[in-house]
Amino acid sequence: MEYGNIRPSSDLRNKYAEMSKLCKESREPIYITVNGRGDTVLLGITEYNQMISELELLRTLAEADDDVANGRVTSIRESFSSIRNALKRE
């Protein structure tokens, strides 16, 4: 993994506005260090939300793959019939 923008934790206190702007404009994370060691990552909210959405999609795909591997599948016809019946009951 390549670490691009690395800043000391003191920059959070002294240059927050600059760092926030950099995250938003570059759409890249800023790695925060404490005593020269990696500690935290600062990420723009748009990129964070995208990352979370991608993780949720990957989890859903992994669950679906597990369902297929373990035979927990039904035909499309059965699935839609079940959905229609559930909607009718509501």
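Residues Leu22 and Leu12 share a single hydrophobic cluster, defined by chaining ILVMFWY side chains whose heavy atoms lie under 4.5 Å apart. By the criterion of side-chain heavy atoms lying less than 4.5 angstrom apart, applied directly or through intervening Ile, Leu, Val, Met, Phe, Trp or Tyr residues, Val41 is not grouped with Met51; the two fall into different hydrophobic clusters. Ile52 and Leu57 are assigned to two separate hydrophobic clusters, defined by single-linkage of ILVMFWY side chains at heavy-atom distances under 4.5 Å.
What you find for Gly44 and Cys23 is that their closest heavy atoms are N-CB, 4.0 Å.
Rounded to the nearest 0.5 Å, atoms CD (Glu28) and CD1 (Ile30) are 10.0 Å apart. Taking CG from Leu43 and CD from Gln50, the interatomic distance works out to 9.5 Å, rounded to the nearest 0.5 Å. The line from CD of Glu56 to CD of Glu54 is 11.0 Å long, rounded to the nearest 0.5 Å. Interatomic distance, Ser79 OG to Arg77 CZ, rounded to the nearest 0.5 Å: 11.5 Å. Taking CZ of Phe80 as the reference point, atom OG1 of Thr74 lies at 10.5 Å (rounded to 0.5 Å). Residue Asp65 holds its CG atom at 12.5 Å from OG1 of Thr60, rounded to the nearest 0.5 Å.
Of the options Pro8, Ser9, Ser10, a side-chain contact (heavy atoms from CB on, under 4.5 Å) to Thr33 is made by Pro8 and by none of the others.
Under a 3.5 Å cut-off, the side chain of Asn85 and the backbone N or O of Ser81 do form a donor-acceptor pair. Between the Asp66 side chain and the Ala62 main chain, no donor and acceptor come within less than 3.5 Å of each other.
The 12-atom threshold is not exceeded at CG of Asn35, counting heavy atoms of other residues, nucleotides or ligands nearer than 6.0 Å. For Ile76, the CD1 atom is loosely surrounded, since the number of other residues' heavy atoms within 6.0 Å does not exceed 12. Remark: Arg72 CZ is packed, more than 12 non-hydrogen atoms of other residues, nucleotides or ligands lying under 6.0 Å away.
Residues Lys15 and Lys21 are not in side-chain contact: their nearest non-hydrogen atoms beyond the backbone lie 4.5 Å or more apart. A heavy-atom distance below 4.5 Å is found between the side chains of Met19 and Ile32.
Side chain to side chain, Glu78 and Ser75 meet the donor-acceptor criterion of an N or O pair below 3.5 Å.
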